[in-house]
Amino acid sequence: AQKITQTQPGMFVQEKEAVTLDCTYDTSDPSYGLFWYKQPSSGEMIFLIYQGSYDQQNATEGRYSLNFQKARKSANLVISASQLGDSAMYFCAMREGDSGGTSYGKLTFGQGTILTVHP
Amino acid sequence: AAGVIQSPRHLIKEKRETATLKCYPIPRHDTVYWYQQGPGQDPQFLISFYEKMQSDKGSIPDRFSAQQFSDYHSELNMSSLELGDSALYFCASSLTREQYFGPGTRLTVT
């Protein structure tokens, strides 16, 4: 069964607008972490944001915020004030077995969403 | 800030040849992960090391092996290369919760 689902193969947004990229996950582990990565056409995988399942507040990093709805098992990425440089593939990923501090373990990725920012 | 270093960045090999990919994690990071990303695919976990010991293994072919050395750098050895091994190979490292990826090695098998 797919553990991470990104239902939007592609998304379009106008420059300076906000955009939400969807991610739902499936796990029976009460301790997990959720990640978002950006992969530009050059190929590198850039870490954006992390949310732990026990974190009390939704994670934010600059223009990136994570809309974490635990009961719905969703972890949507919100990018505010989109820029042309935001055009890229975005991956949601999960790590099961996360503890509150140091955590190790493999990531399981979703299929990705291609975001295109129009001027 | 220092990032994960991978070498080489690009590699072209013929079928049945061998390849060695190298990874230098962020200083003081004690865990290294290897992922394979095929064309148009999401990254798939291969293997990981914690403090120089193998900590987890994913869908890594028997033709592949990896190790982490005393200086924490890691190498992924790939033998009897097949066309299907053509992919982007990422190394990632972590110390706490975040997992940081290197720029990847793009392997092309012809």
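Basis for what follows: all heavy atoms, side chains included, without hydrogens, waters or symmetry-related copies. By convention in this document, chain letters (A, B, ...) are assigned in the order of the sequence lines, proteins followed by strands, and residues within each chain are numbered from 1.
Heavy atoms closer than 4.5 Å to chain A are found nowhere in Ser55(B), neither backbone nor side chain. For Gln44(B), no part lies near chain A; criterion is any non-hydrogen pair under 4.5 Å.
Tyr24(B) and Tyr33(B) end up in different hydrophobic clusters when Ile, Leu, Val, Met, Phe, Trp and Tyr side chains are linked at under 4.5 Å.
Around the NZ atom of Lys22(B), the shell of radius 6.0 Å holds no more than 12 heavy atoms that belong to other residues, nucleotides or ligands. Within 6.0 Å of the CG atom in Asp71(B), the count of heavy atoms belonging to other residues, nucleotides or ligands exceeds 12. At most 12 heavy atoms of other shown residues, nucleotides or ligands fall within 6.0 angstrom of atom CD in Gln57(A). Within a 6.0 Å radius of CD1 in Ile12(B), no more than 12 heavy atoms belonging to other residues, nucleotides or ligands are found. No more than 12 heavy atoms of other residues, nucleotides or ligands lie within 6.0 Å of NZ in Lys57(B), so this atom counts as exposed by the packing criterion.
When each of Tyr35(B), Phe90(B), Phe101(B) is paired with Tyr37(A), the ring-ring contact (aromatic ring centres under 6.0 Å, His included) condition holds for Phe101(B) and for no other.
Atoms NZ and OG1, from Lys106(A) and Thr31(B) in turn, are 15.0 Å apart once rounded to the nearest 0.5 Å. Here Gln6(A) contributes atom CD and Asp42(B) contributes atom CG; the two are 8.5 Å apart, rounded to the nearest 0.5 Å. Atom CZ in Phe35(A) sits 8.5 Å away from atom CZ in Arg97(B) (nearest 0.5 Å).
A donor-acceptor pair is defined here as one N or O able to donate and one able to accept, closer than 3.5 Å; such a pair exists between the side chain of Gln99(B) and the backbone of Gly105(A).
Heavy-atom pairs under 4.5 Å with chain A were tallied for Ala92(B), Pro43(B), Gly58(B), Ser48(B); the largest tally goes to Pro43(B).
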